[in-house]
Protein chains: 2
Amino acid sequence: MKASIPKGTRDFSPEQVVKRNYIFNTLKRVFVKYGYQPIETPTMENLSTLTGKYGEEGDQLLFKVLNNGDFLSKADKQALEAKDSAKLVSSISKRGLRYDLTVPFARYVVMHQNDISFPFKRYQIQPVWRADRPQKGRYQEFYQCDVDVVGSNALMYEAELVQIFDEVFAALKLNTCIKINNRKILEGMAEVAGIKDQFMIMTIAIDKLDKIGLDGVKDILRKKEIAETSIQKIEELLLVTDLASLKVLFAETEIGKKGIEELEAFHSYFDLGQCTNEVKFDITLARGLSYYTGCIIEVAAKDYEIGSIGGGGRYDDLTGNFGLKGVSGVGVSFGAARIFDVMEALDLFPATASEQLTVLLVAFDDTTHHYAFKCLSALRAAGINSELYPSPTKLKKQMKYANDRNVAYTIVIGSEEMEQELLSLKDMTSGEQKQLSLAAIIKQIKTSTEANA
Amino acid sequence: MKASIPKGTRDFSPEQVVKRNYIFNTLKRVFVKYGYQPIETPTMENLSTLTGKYGEEGDQLLFKVLNNGDFLSKADKQALEAKDSAKLVSSISKRGLRYDLTVPFARYVVMHQNDISFPFKRYQIQPVWRADRPQKGRYQEFYQCDVDVVGSNALMYEAELVQIFDEVFAALKLNTCIKINNRKILEGMAEVAGIKDQFMIMTIAIDKLDKIGLDGVKDILRKKEIAETSIQKIEELLLVTDLASLKVLFAETEIGKKGIEELEAFHSYFDLGQCTNEVKFDITLARGLSYYTGCIIEVAAKDYEIGSIGGGGRYDDLTGNFGLKGVSGVGVSFGAARIFDVMEALDLFPATASEQLTVLLVAFDDTTHHYAFKCLSALRAAGINSELYPSPTKLKKQMKYANDRNVAYTIVIGSEEMEQELLSLKDMTSGEQKQLSLAAIIKQIKTSTEANA
């Protein structure tokens, strides 16, 4: 039997897990500092929780889990006879795999509303599954990293979430542009252009601006039979770069003015001077998702072309689907896989991770091997990541393993070293070799690893 | 629509995630120090990888994922007509959810054998899924924590893994007894008792000793038609407590002597004097799994009755199923859920976790709220987990939130405090209140949280 995994899934090697954890640990450290708390939801949700939440295409991309036991005994007979797969599903499958973190979060808030102290600030880093056609860089299992606060309208949180973006990307040394807009400004745009009823059509078109350019957007609007005067007005507004000019153009739209007001409230909290990344108002930022109602945010890497690596916004009704009305919130997501790819491409991962093996001990016979094992215990008791090659075999073979594991040091222990209690420490980067006592070795390694940390 | 989750699954609240991460982080820190590397495997494996590996009962407990799209078009027609669920499965489902971490690990080793430098020391902490009937304390989704080394016969690793058990449980302040035995000693027992061919029957019976007592074990053996003289011999051997006595009784069994030799080799590395937990030879330790061939290990909590909270052993053939012969290894698992329950019952979780919110800022009007937000940024820049109540509402409401979040401090900022730049710091444990500058507050909180860490 050949060892294989399903198409669209992947194994993570130690190197990949360590790098990914470097990103996750940075995110978690910042989230916690800002008062966000972790939750986890089950991999399987009831299909009734998931179905209908992601549009028709989304429903088709849900992974469905077959009911256990004699599932055919309760199967829909008509669907079975008609060989109608779509119709049969609900009678043979009750559960599906999590498709995103937003719907499970909404479900969680409603189920646990009596135990939650609002505003509820939560983060969640878990994999999700989508039955997309597998292709390069697109997997059927991938992590999402969401951070949201629900149960408050305060615009302070928009400022806080942009600070989180700024702090995370500063920590990762990833140079970004954080773009801010407000759905109410886009609504004002539609009103000023006289196409209030075609708001979502306009928004979805503008969302494509980066990919298809202004002419492309205008083409879409024309195809949707929007009047040339309206298109001209939209074009004029899309060229606005500051709120002062926008105020003049928005004199007649209440919703538009409310959008400007919200952005001003955001700036009353947010201190641009304390930012590491570029933060700017971008009236062309639209974001396609229909549930946003206020501030919207999107992050792009500056030194590498890869599309958005983070984004989010405010929504007015997270939990309505589950019967709890009026829960407003704001949240952002980090695109972990793209962040990983950018950091890999720009060589931003630190060379030494605290998860890495620091020392390999090398011995040459049974006696020195047992002696080396005692030295190993002392190194570990001092908190140094270390191991002993399992058998006192040829030096060459042991040094190959040291190289494969990319250790910083080897300690070679022959019978002479053992007798004199002076071990041979080799710095694998410089090649330098020294005879030192075990205590001196521990001191030196601890000093140099702490300097690197 | 009512918010609910499937039976047998559960949400993890912030408090639960923080506590569980305390266990996981302790495990990871120790694993890494001992040179083990993390891997992750996909949630879904090919059903062909999983089926037949866990016995007939295991096969029935696998969660199977329905093929996407028009799955009925390729369904087995005969099985469909006969309404034979069991026979139909393989034609409508190609994938299943991971049932344990051992089979995926074996599959990983074979798939990536050319990239792996042996001995391969890996750890893996991921959830697994089993369609067991849900009941109190038993879930269909739960974490496994496995640590293994493959590609070496060295008995040094048995010593290392017992050191890991000892160090983890010492760090968790969980008092345990770590029992050691060797399958070859059980084989010797069967040989001496003249029932070499009934080795697994004997082993499975002895494995139940804790639950059913010696008489229960003898009853089982009698029912399996094992001779009374053999049962007497087994009883005599089960009362042995030291290797010296065993040597006498094992004079005539080569495999038994080999078992003693292996335990002696283990002790030549392992230093009992450096242990925090009790480590002892226990000839009655059997472990039911058939794939163990050498050393076996099991851990029980001393101050709480809950069964085994960890265990493992050496196996000779991990990857044979996937066509790679002769890969020996040794590994242990930590029972994370039971460890959580024991620690909860014995109140062993530390009162303050680094993931916890330390400070809540409280303001009374729009001006002080904005001022408080600047103070908040300074606290966070100093690395203090903190947040500001989102609106300058009634003190009582804000203090209720501070209590719900279990913060260590509140900082109250009225207009007087703002003007004098002396903020009101309240220690929520002692109730003590002080007027201090922001810099002094930061200094005090950092000193006291570092003292607690």
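Remember, it's a predicted structure, so these values are computed and weren't measured experimentally. Each chain gets a letter, A, B and so on, in the order the sequences are listed, and its residues count up from 1.
Between His370(A) and Tyr269(B), the ring-plane angle classifies as parallel under the 30° and 60° cut-offs.
When each of Glu15(A), Arg122(A), His369(A) is checked for heavy-atom pairs under 4.5 Å with chain B, His369(A) comes out on top. With chain B as partner, the option from Ala106(A), Ser152(A), Gly69(A), Ser268(A) having the largest number of non-hydrogen pairs under 4.5 angstrom is Ser268(A). Ranked by heavy-atom pairs shorter than 4.5 Å toward chain B, the options Val110(A), Asp70(A), Ile5(A) are led by Ile5(A).
Without hydrogens or angle criteria, Tyr34(B) side chain to Arg380(A) main chain gives no donor-acceptor distance under 3.5 Å. Asn68(B) contributes a side-chain N or O that, together with a main-chain N or O of Leu62(A), makes up a donor-acceptor pair within less than 3.5 Å. For the pair Ser117(A) (side chain) and Tyr401(B) (backbone), a donor-acceptor distance under 3.5 Å is absent.
Side-chain atoms of Asn46(B) and Ser4(A) form a donor-acceptor pair, as typed in the model, at a separation below 3.5 Å. Side-chain contact annotation: Ser13(B) with His112(A), donor-acceptor N/O pair under 3.5 Å absent.
Ser48(B) touches chain A through backbone and side chain together, each having a heavy atom under 4.5 Å away. In this structure, chain A has a heavy atom under 4.5 Å from the side chain of Leu97(B), while its backbone stays farther away. If you measure heavy-atom distances from Glu141(B) to chain A, the contacts under 4.5 Å come from the side chain alone. Proximity to chain A (any heavy atom under 4.5 Å) is restricted, for Phe118(B), to the backbone atoms N, CA, C and O. With a threshold of 4.5 angstrom between heavy atoms, Ile384(B) approaches chain A through N, CA, C or O but not through any side-chain atom. The part of Lys77(B) that comes within reach of chain A is its side chain, from C-beta onward, which places non-hydrogen atoms under 4.5 angstrom from that chain.
Checked for salt-bridge contact, Arg107(B) and Asp11(A) meet the test: a charged N lies under 4.0 Å from a carboxylate O. One finds a salt bridge joining Arg20(A) and Glu40(B) here, because a Lys/Arg side-chain nitrogen approaches an Asp/Glu carboxylate oxygen to under 4.0 Å. The pair Lys33(B)-Glu387(A) fails the salt-bridge criterion, with no side-chain N (NZ, NE, NH1 or NH2) lying under 4.0 Å from an Asp/Glu carboxylate O.
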(message) Under the criterion side chain to side chain contact (heavy atoms under 4.5 Å, CB included), I'd like the reasoning laid out for Phe71(B) against Lys64(A): C-alpha separation, chi angles, the key distance, then a yes or no.
(response) CA-CA 11 Å; Phe71(B) 57 89; Lys64(A) 291 142 195 120; over 6 Å; no
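Rounding to the nearest 0.5 Å gives a distance of 6.0 Å between OG of Ser93(A) and CG of Leu66(B).
Closest heavy-atom contact between Met156(A) and Leu388(B): CE-O, 3.3 Å.
Between Leu72(A) and Asp84(B), the closest side-chain pair of non-hydrogen atoms is not below 4.5 Å.
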